[in-house]
Undergrad: 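This is the structure, below, for whatever I ask next.
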There are 2 protein chains.
Amino acid sequence: MVKSDQFNITPIVASSSLRTLAYEALKAAITNMDIYGRAEEVRLDERKLSQDLGVSRTPVREALTVLEQEGFVRSEARRGVFVIKKTKKEIVGMIHAWAALESMAARLACERATDAQLKSLREMFPEFYEGRPSEHIDEYSDANIRFHQKIISLGQCEVIEDLSSNLLMHVRGIRNTALRQGDRSEKSIKEHVQIIKALEARQKEVAETLVRDHGLGLAAHVNTYGDYLE
Amino acid sequence: MVKSDQFNITPIVASSSLRTLAYEALKAAITNMDIYGRAEEVRLDERKLSQDLGVSRTPVREALTVLEQEGFVRSEARRGVFVIKKTKKEIVGMIHAWAALESMAARLACERATDAQLKSLREMFPEFYEGRPSEHIDEYSDANIRFHQKIISLGQCEVIEDLSSNLLMHVRGIRNTALRQGDRSEKSIKEHVQIIKALEARQKEVAETLVRDHGLGLAAHVNTYGDYLE
DNA sequence: AGATTGTATCTGGTATACCAGAATCTATTC
DNA sequence: GAATAGATTCTGGTATACCAGATACAATCT
């Protein structure tokens with residue numbers, strides 16, 4: 001008999017249950033939708049979603065359960081499932097939690113990451129070293145997110161990575177919006193530079209403090225400018 | 001007609017869907033079970049659970065979905081759903097995340113909590129001030145957990161509270177076990193006293209640092225003594 | 001007309017039937 | 001007797017039927 005490991009079989013349909021499919025579709029729909037633009041609540045209809053996705057209610061419900069657990073939707077018995085609008089207070093809370101986790105990741109990164117890994121941080125974002133202001137703000141928004149994700153991944157703590165990625169899904173939009181307000185982007189870049197230096201020097205206390213304060217700064221910023229959230 | 005608000009009607013069956021019931025039952029069963037005592041994996045049978053709980057598979061499955069999301073069980077298609085045994089590495093990671101969140105909560109508590117609230121911390125744990133060693137270890141274990149929960153609640157950040165409470169469910173057992181190893185309990189008490197003092201003095205940087213290091217100490221302790229986890 | 005009540009309808013919650021993959025057992029083959 | 005092929009059984013995944021609460025609307029009464 002032929003051993004299957006002689007081939008490099010790429011799984012045709014890969015691994016994805018309908019539930020996972022539904023989950024990803026719904027999550028994408030929710031995160032891409034501009035929740036805060038509209039005034040009234042957005043209601044999701046299980047049966048309609050089932051039809052649109054071409055599956056039965058069961059996997060849709062399971063996907064909605066996960067999304068509810070992650071804080072994206074709220075389900076009221078016999079009334080409907082609604083997309084959750086986060087309050088400013090909740091957003092600020094998430095940023096605080098994020099700051100806590102990322103600063104711990106920075107500390108761990110100083111202890112665990114290789115020199116090459118830490119160096120890659122600087123190479124990933126050369127533009128930080130050129131004083132360019134908020135011209136290419138769109139590209140920078142993405143680079144900004146990637147920067148923080150990179151720090152978290154360098155911490156090599158899976159729990160922190162998971163918790164953070166969930167938080168990020170909720171605050172991604174806000175984070176990019178904040179960059180366009182006041183002098184946030186310039187300030188942000190300068191702080192990033194400092195953070196990179198501290199990490200490269202493996203000054204864990206410094207890196208930890210800088211990352212935390214950077215996060216707290218964002219929280220304060222949102223607290224000041226984020227009135228559009230409510 | 002009689003207005004219903006003239007009565008103080010207490011809802012008979014209260015509010016609990018079968019799914020919630022099943023969730024709580026299963027969670028209690030899992031957390032009370034000594035997972036690390038037995039060698040082989042624990043498998044949960046949906047149909048059997050349905051029978052035992054007296055409900056259909058549907059609410060049981062939804063409960064299992066939530067538990068899977070929280071990291072208590074893992075579901076393999078057409079093979080079964082298993083209670084997850086955390087590896088030592090994962091436990092240490094959770095403690096790191098916990099330490100990050102709690103230290104942020106301590107900082108926030110310094111800024112937000114009232115004097116009375118901070119004072120209550122000391123009053124809740126008078127035994128910390130008497131040099132008693134690990135005699136009343138059982139009571140102390142509970143007090144230990146409550147202490148940390150109290151700090152987190154004083155931070156008044158709901159996100160941090162929620163994330164922490166989930167982590168706590170996973171680490172509770174280990175945390176108490178650790179107290180009985182080495183001189184962990186004596187060390188722990190001393191650090192608690194320092195933390196209380198810093199909080200009362202509203203020295204947020206100090207409190208933050210102490211809480212973080214206390215958590216990191218536990219992580220290191222588990223890393224050293226926690227071989228029984230695997 | 002306004003308030004009220006009855007009813008049709010819509011919603012998520014639950015129960016159940018069925019499916020296909022995986023594991024186990026059994027009978028056949030060499 | 002060991003190996004293999006087939007069938008049985010068990011599992012979670014999915015689809016569907018039904019239920020009861022909630023809502024909206026229409027019929028009714030005052």
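Just so we're on the same page: letters track the sequence lines, and every chain starts at 1.
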Undergrad: Among D:dT14, C:dT11, C:dT14, which is the nearest nucleotide to the side chain of A:Arg47?
TA: C:dT11
Undergrad: Does the distance from a Lys or Arg side-chain N to an Asp or Glu carboxylate O, for A:Lys89 and B:Glu158, drop under 4.0 Å?
TA: no
Undergrad: Consider only side-chain N and O atoms of B:Ser188 and B:Ser185, and report whether a donor and an acceptor are under 3.5 Å apart.
TA: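 Absent: no donor and acceptor within the cut-off.
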Undergrad: Of A:Gly54 and A:Ala77, whose nearest nucleotide on DNA chain D comes first from the 5' end?
TA: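 Nearer the 5' end of the strand: A:Gly54.
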Undergrad: Ignoring hydrogens and angles, answer whether the base of D:dG12 and the side-chain atoms of B:Arg61 contain a donor-acceptor pair closer than 3.5 Å.
TA: no
Undergrad: Nearest heavy atom decides the nucleotide; on that basis, is B:Val81 or A:Val55 closer to the 5' end of DNA chain D?
TA: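 This one resolves to B:Val81.
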Undergrad: Quickly work out the A:Arg78 CZ to C:dT11 P distance and round it to whole Å.
TA: 14 Å
Undergrad: Between C:dT14 atom C1' and B:Glu62 atom CD, what is the distance in whole Å?
TA: 9 Å
Undergrad: Check the distance between C:dA15's P and B:Leu49's CG and give it to me in whole angstrom.
TA: 14 Å
Undergrad: Please give, in whole Å, the distance from C:dA23 C1' to B:Asp45 CG?
TA: 14 Å
Undergrad: B:Gln51 has an atom CD; how far is it from atom C1' of D:dC10, in whole Å?
TA: 14 Å
Undergrad: Is the shortest side-chain N to carboxylate O distance from B:Arg43 to B:Glu41 below 4.0 Å?
TA: no
Undergrad: Can a donor-acceptor pair be found between the side chains of B:Glu70 and B:Tyr23 at a distance below 3.5 Å?
TA: yes
Undergrad: Rounded to the nearest angstrom, tell me the gap between atom CG in A:Leu18 and atom P in D:dG12.
TA: 18 Å
Undergrad: For the pair B:Lys48 and B:Asp52, find out whether any cationic side-chain nitrogen is under 4.0 Å from an anionic carboxylate oxygen.
TA: yes
Undergrad: If you check every side-chain atom of A:Ser56, which of C:dC18, D:dT16, C:dT14 has the closest atom?
TA: D:dT16
Undergrad: When we call it a touch if two heavy atoms are under 4.0 Å apart, what does B:Leu64 touch: a base, just sugar-phosphate, or nothing?
TA: nothing
Undergrad: Return the nearest nucleotide to the side chain of B:Arg79; candidates are D:dA15, C:dG12, C:dA23.
TA: C:dA23
Undergrad: To the nearest angstrom, how far is B:Arg43 atom CZ from D:dG12 atom C1'?
TA: 10 Å
Undergrad: What is the separation between atom CZ on B:Arg57 and atom P on C:dA17, rounded to the nearest whole Å?
TA: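 Rounding to the nearest Å, CZ of B:Arg57 and P of C:dA17 are 12 Å apart.
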